[in-house]
Structure formats: structure tokens, C-alpha cells
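Each chain gets a letter, A, B and so on, in the order its sequence line appears, and its residues count up from 1. Owing to the predicted nature of the structure, the values given are computational and were not obtained by experimental measurement.
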Amino acid sequence: MAKVLTSREENYAQWYNDLVLKSGLAENSAVRGCMVIKPYGYAIWEKMKAELDRMFKATGHENAYFPLFIPKSFFSREADHVEGFAKECAVVTHYRLKNDEENGGLIVDPNAKLEEELIVRPTSETIIWNTYKNWVQSYRDLPILINQWANVVRWEMRTRLFLRTAEFLWQEGHTAHATREEAEKEAMQMIRIYAEFSEKFLGIPVVVGSKTESEKFAGAVETYTIEQLMQDGKALQGGTSHFLGQNFAKAFDVQFTNREGKLDHVWATSWGMTTRMIGALIMAHSDNNGLVLPPSVAPIQVVIVPIYRGDDQLPPIAEVATKIKKELVELGVEVKFDDRDTQKPGWKFAEYELKGVPVRIAIGPRDIENGTVELARRDTLEKKVVPQEGIASYIKALLAEIQENIYRKALTFRNTSTHRVDSWDELIDVLDNKGGFALAHWDGTRESEDRIKETKATIRCLPLDDEMEEGRCVVSGKPSKQRVVIAKAY
RNA sequence: CGGGAUGUGGCUCAGUCUGGUAGAGCACAGCGUUCGGGACGCUGGGGCCGGAGGUUCAAAUCCUCUCAUCCCGACCA
């Protein structure tokens, strides 16, 4: 097969980039740091979006939409929040262009300067809380359970397709509650939804945990995260859910009368997941032949490639292909019959492998004679000849098996790449040589955490589901109650 | 914002040192042979060499300025 991708072993970053471009997911645009998401990539996003949207609605959330622009003054209301985002905001200062009389072309009209600058949202807490203020008077107005699908802009210094772009697509949930307990429960519920989505839908195992003080979201009391492990041994934060306490309610003066007739500030959460998950999908499962997509997110689940010589061989093949396609569609499977005569079978095989189509069916004269088809699965690259009889239900079951296999493979990798370390030297050994997650004791202090950061790795999270265990911090030797996850991250 | 590099058909690059008719591979188009793992042959189309000045009989090549992009650091879903 002609080499179109750099191999993972050769250069992982290059492999990733080649893959995104060659498989037609996305490409760089004329605007620095902003990508064009191409139809195949967007189709994956639409699938993710549909599933998440379903999960959100099943837990009582509704969608709404808030403005792209946020008045600058809103940002300064919550101190930590400004601190966190100020350095990466795009700012609108003018509202008109005019012809340049001297040099030709267009210039910004200096007379069209805005009274107050507008910030292109890097996240919407501020504009949303400014709005919620008008919606909440009584505990009867609560809870507010809203999600928004939107684009946001964070002016990153260095960008990478899907993993870090200046503009990205995401959903952001923003909820308001009458009690602390209810808001905490909501934040926890949402991180669990993300975990389930990642494992069941994307086939990517996660560690659910909470962030340290220094890694928390700007303005949050508690940040929960799902940490995923990529094939190169680096961690990726896959989604976050924040318990915001009363910080934003206080900053935006959102008060309500509670059941006892007393005035109180509203309790809040926010949670988000982004197009970065497409990057995670690639880095978790794909190989040197191209994408490996779990059937659940694959825009094309099954492709049928006819093999024929001369136009007279095609009709009987097309007849069988069309019949199989119809049966599969009836079972809810997304099938493409690629009967283009402009590309050869070999070319198509390579192309669909690159695009990660889970199952490929090839039908040629031989199969017509024998009543068979050739089936190839993308995850294992296995090929076998099977009877046409009962093919649809066979494939339906095969897709479920592929989904499961992809997850199992990623889980095995994650487990064998997770190392318990009990000393600084062991930690360094994992970070420098082995890669993956290091489970180590940490004393909970900023000093020890900073020391760990000097290695370029960070404390990814304090796992929620691991059992507590007494131990000694690998940095200071002081007592610790729990192991934390340390890894280099994207 | 510090350090390094690069701008030449759609893409990857050669040509720049040593100035002298703009090249290759891929991609694209036509024709023919092919078609069970990215076919091959022949033919063809496509480039104010990032931009602006300058030196010269002559500039992709030398000089000055400028713009842009990429890589490495600090920031980050």
C-alpha cells in the first residue's frame, strides 16, 4: 500500500496531523489557529452532539442560546474568572469599515469605536448569569437547567487541529439551584454522563476525578474531570463539570427568596465537552493505516465495494449490494454502496480504511457465483468470506462486537499504562520512560504540586472511584490519604 | 513575547552559494490497456518565484525594507 501517513512510531504528532488531513476530517484555514471542519469530520461531531443532546434531555436539560459577544465589564465581575481568561480573549472594538482614501482597500473607521468593547465569548458564564439574574426571584423559579451548543474563541498561542484551536465548537451547560446539595449533585451527575458517553459511545476509558486547587476552572469551587489516555502515553482532559458554589450568583447579584422566606444566592454549575473529543477519538484508537472509528460515531458504518471488470459484470453485483444495503438500513445501520467507476477497488479499500469505516463488504464475480461476500473489519483488519444469507443480522452483531473490542483494547492499554509509584525516582521513570498514568501519593500542598509540574507533568486528578489508601507523598514524604493521577498531558 | 527556520503551479519540494529561456514528483484532464489491496503508458493544461523598493544589459537568485506562515519555549477544553 502506498504510504500516505507518517507512522506513529516515527513521529506521533506528525501521524496525528497527517491523519486528520488525509482522512478528510479538517484542515487549517486562512485564519491562524482556526480550522475548517470538513463534512466527514462534522458528521462525527453531529453524531457526538446527537448522543450528548439525548443524554442531557433525558436528565431534564433544555437548550437555549446566548450571544456571541459579552460586554467587557461583565468579565471583571468575578476575579478568578478574569484572571483565567483575560490573556486569551478576542476583542471587538469597532463596528464599521470604510474605504481608505490614501492607500486603497479597507480600514477600520476610527469614528466607529464602540463605547464599551465586546469580548468574543471564551465561555458564557458571565453573560448567562447576567441573564439568570432576571429570571430568578423565588425558589419556585429554580432549578434552571440549560445547555447551549455554541462556538467559543480562546486566543491560544499554539494550536493543533481539534486538540487546541482558537475557535472551537462545544456545549456548555449552565444550571442554577436553590441549594448547595442540589448543585453539587448536578455537577457530579454531569461528569458521570461524560464518563458514560466517553466509554460507551467513544470507546475511550476514563478516570473520573476532581482537579487540584491550581488546575480548577477559573471561578469554580470544585472541578470534576474525565481523564483519557492517548496511545502515546499522554493524558487528555475529555470533559469537565464545575460546581461553581455561589461565586457567579454573588458576582452577578442573583438572589432568590428561599422556602424559609430568606434571601439567598443561587448555587451554580457549568459543564462542557468540545470538538476536542474528535482528537481524542483519533489518538485513542487509530493506527498506521488510518482512523479506527467505533461504529457508534462512524458516519459510514458499512461500505460496500463492488469488484468488476467491464460494465456487464456490474449489474448482478449491484443487485446483491442493493439488497444487502436495504436489509442493513432496515436494521438501522448506515451503509454506503460505493459504485463509482472512477476509482478502483484497491483504491477504495485503502480510502475507507483511512476513513475508519468499521466494516467493509466486497462483492465480486466470485461471490456472485458462490452466494458469498468478503467481509473486512477495520479494528482487527481481519477478512473473511461469509454467505450472503443472513448477512444483515450478522453485521449488526459484528458492529456491536467491534464497538466492544475497540473499548476493550483501549481499556487494556490504559490499564497496562497505569503505574503505581511510591517514590520520586519511580515517578520520574514513568514520566520519562514508560509514559501513561502514574498513581502516586501527594500531600495536598501547592509546593509539592509545583515540584511535580517542573517535570512537565501535572496532577491530572484525584480519582473519585479509587479506594482511599494511606501513604506518603512522593515529593515530601508527608502523609497522604489517596493516590492521585500524574501524567504529561495535552 | 523570546529562540530558530521557511515563503517557487492545488500539494511536497529542487533551483538561490556562483544572476543568463522557471523545473521535478504527486495531483488534475484526454486516450488506450487495466480493475479481488492506493495500476501503467502516451499526451496535455496549469506558476507576475509572498509583497515593495533598489543594484544590473539581465534578478526566483544579490541588497534594503515589509508581510505572512511553521517549529521550539511561557498559556490552555
Side-chain angles (χ1 to χ4, degrees), chain A residues 1-6 11 13-14 17-18 21-22 27-33 83-89 103 122-123 150-160 162-172 194 211 214-218 220 223-228 235-242 270-280 289-290 305-311 313-314 317 339-355 360-370 372-376 381 383 385 453-454 456 458 460 489-490:
Chain A
M1 189 170 88
K3 189 189 137 171
V4 290
L5 294 177
T6 305
N11 183 339
Q14 186 70 44
N17 205 42
D18 283 1
L21 297 174
K22 296 283 168 49
E27 63 189 35
N28 284 306
S29 72
V31 183
R32 195 201 71 94
E83 174 86 14
F85 289 103
K87 285 171 288 181
E88 51 186 35
C89 286
N103 305 310
T123 179
N151 58 338
V152 289
V153 169
R154 297 181 187 176
W155 215 260
E156 301 289 351
M157 300 310 281
R158 298 197 56 227
T159 59
R160 289 188 67 191
F162 290 116
L163 297 174
R164 187 176 306 112
T165 45
E167 178 192 18
F168 56 93
L169 305 184
W170 76 345
Q171 58 66 218
E172 47 181 326
Y194 287 150
K211 286 289 186 187
S214 73
E215 297 278 328
K216 265 179 2 191
F217 173 74
T223 288
Y224 299 110
T225 176
I226 53 171
E227 294 292 324
Q228 305 164 328
L236 187 83
Q237 181 172 314
T240 50
S241 176
H242 317 289
S270 70
W271 25 276
M273 189 173 260
T274 80
T275 37
R276 179 184 239 195
M277 280 309 93
I278 297 175
N289 296 319
V305 177
I307 291 148
Y308 61 100
R309 191 185 327 222
D311 286 344
Q313 281 191 353
L314 181 59
I317 293 171
D339 61 350
R340 287 178 297 172
D341 62 357
T342 51
Q343 306 293 356
K344 295 175 49 190
W347 189 93
K348 290 177 187 173
F349 289 175
E351 179 70 7
Y352 291 109
E353 234 155 61
L354 186 60
K355 285 184 173 292
R360 183 185 71 232
I361 301 173
I363 310 173
R366 229 156 49 202
D367 298 300
I368 297 301
E369 210 167 293
N370 303 333
T372 56
V373 301
E374 183 193 77
L375 260 191
L381 294 170
K383 285 199 285 200
V385 175
K453 272 189 189 163
E454 286 168 19
K456 305 269 183 201
T458 47
R460 301 313 303 159
Y490 276 95

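Here the C1' atom of nucleotide B:A77 and the CG atom of A:L236 are 8 Å apart, to the nearest Å. Taking atom CG of residue A:L21 and atom C1' of nucleotide B:C26, one finds them 16 Å apart after rounding to whole Å. Atoms CG (A:D18) and P (B:C11) sit 16 Å apart, rounded to a whole Å. Taking atom CZ of residue A:R360 and atom P of nucleotide B:G38, one finds them 12 Å apart after rounding to whole Å. For the pair A:W347 CH2 and B:G36 C1', the computed distance is 18 Å after rounding to whole Å. Going from atom CZ of A:R460 over to atom C1' of B:A77 covers 11 Å, rounded to whole Å. Whole-Å rounding puts the A:K344 NZ to B:C35 C1' distance at 5 Å. For A:K355 and B:G38, the NZ to C1' distance is 14 Å, given to the nearest whole Å.
One donor-acceptor pair, N or O on each side, does fall under 3.5 Å between the base of B:G37 and the side chain of A:E353. Between the side chain of A:K348 and the base of B:G36, no donor-acceptor pair under 3.5 Å is found.
Here B:A77 is the nucleotide among B:G73, B:A77, B:G36 with the atom lying nearest to any side-chain atom of A:T165. Minimum atom distance to the side chain of A:E156 is reached by B:C75, of the listed B:G36, B:G38, B:C75. Nearest to the side chain of A:D367, among B:G36, B:G37, B:G38, sits B:G36. Comparing atom distances between the A:Q237 side chain and each of B:G37, B:G36, B:A77 picks out B:A77 as nearest. The side chain of A:R276 approaches B:A77 more closely than any other nucleotide in the set B:C35, B:G38, B:A77. For A:I307, the side-chain atoms get nearest to B:G36 when compared with the rest of B:U69, B:G38, B:G36. Here the side chain of A:F168 is nearest to one of B:G36, B:A77, B:G38, namely B:A77.
When atom types are taken as modelled, the side chain of A:Y308 and the backbone of A:I363 share no donor-acceptor pair closer than 3.5 angstrom. Of the possible polar contacts, none joining the A:K22 side chain to the A:G290 backbone as a donor-acceptor pair under 3.5 Å is found. Listed for the A:Q171 side chain is a donor-acceptor partner under 3.5 Å among the backbone atoms of A:M273. Remark: the backbone N or O of A:E88 is not paired with any side-chain donor or acceptor of A:R154 at under 3.5 angstrom. Under a 3.5 Å cut-off, the side chain of A:Q313 and the backbone N or O of A:R309 do form a donor-acceptor pair.
Across B:U61 and B:G50, the matching P atoms stand 8 Å from one another, rounded to whole Å. Nucleotides B:A14 and B:G23 have their C1' atoms positioned 8 Å apart, rounded to a whole Å. Taking atom C1' in both B:A29 and B:G10, one finds a spacing of 14 Å when rounded to whole Å. Of the P atoms belonging to B:G51 and B:G9, the separation is 10 Å, rounded to the nearest Å. A gap of 26 Å separates the C1' atoms of B:U69 and B:C28, to the nearest Å. For the C1' atom pair drawn from B:U18 and B:A59, the interatomic distance equals 14 Å after rounding to whole Å. Nucleotides B:A74 and B:U6 place their P atoms 25 Å apart, quoted to the nearest Å. Going from the P atom of B:G25 to that of B:C42 covers 11 Å, rounded to whole Å.
Using a 4.0 Å heavy-atom distance criterion, A:E374 is classed as a base contact. Using a 4.0 Å heavy-atom criterion, one finds that A:K456 contacts the sugar-phosphate atoms exclusively. Among the protein residues, A:G238 comes within range of no part of the nucleic acid, since none of its heavy atoms lies under 4.0 Å from any strand. Among the heavy atoms of the strands lying under 4.0 Å from A:G364 is at least one base atom, whether or not backbone atoms are also near. A:R32 comes within 4.0 angstrom of sugar-phosphate atoms only, judged by non-hydrogen atoms across all strands, and of no base.
Nucleotide B:C49 forms no Watson-Crick or G-U wobble pair with any nucleotide shown, as no partner meets the under 3.5 Å limit on both distances. Nucleotide B:C35: unpaired (no Watson-Crick or G-U wobble partner with both distances less than 3.5 Å). The pairing partner recorded for B:G25 is B:C11, the criterion being a Watson-Crick or G-U wobble arrangement whose two distances lie under 3.5 angstrom. Summarising the base pairing, B:C17 is matched to no nucleotide, lacking a Watson-Crick or G-U wobble pair whose two defining distances lie under 3.5 Å. Using Watson-Crick or G-U wobble geometry with both donor-acceptor distances under 3.5 Å, B:U56 finds no partner in any strand shown. Under the Watson-Crick or G-U wobble criterion, with both distances below 3.5 Å, B:A77 has no partner in any strand shown.
Ionic pairing of A:R366 and A:E374 is not present here: no N-O contact between side-chain nitrogen and carboxylate oxygen is shorter than 4.0 angstrom.
Residue A:R160 is the one, among A:T274 and A:R160, whose nearest nucleotide of RNA chain B lies closer to the 5' end (criterion: closest heavy atom).
For A:F217, the ring pair (Phe, Tyr, Trp, His ring centres under 6.0 Å) partners at least two apart in sequence or on another chain are A:H81, A:F85, A:H242. Residues passing the ring pair (Phe, Tyr, Trp, His ring centres under 6.0 Å) test with A:W170 are A:F168, sequence neighbours excluded.
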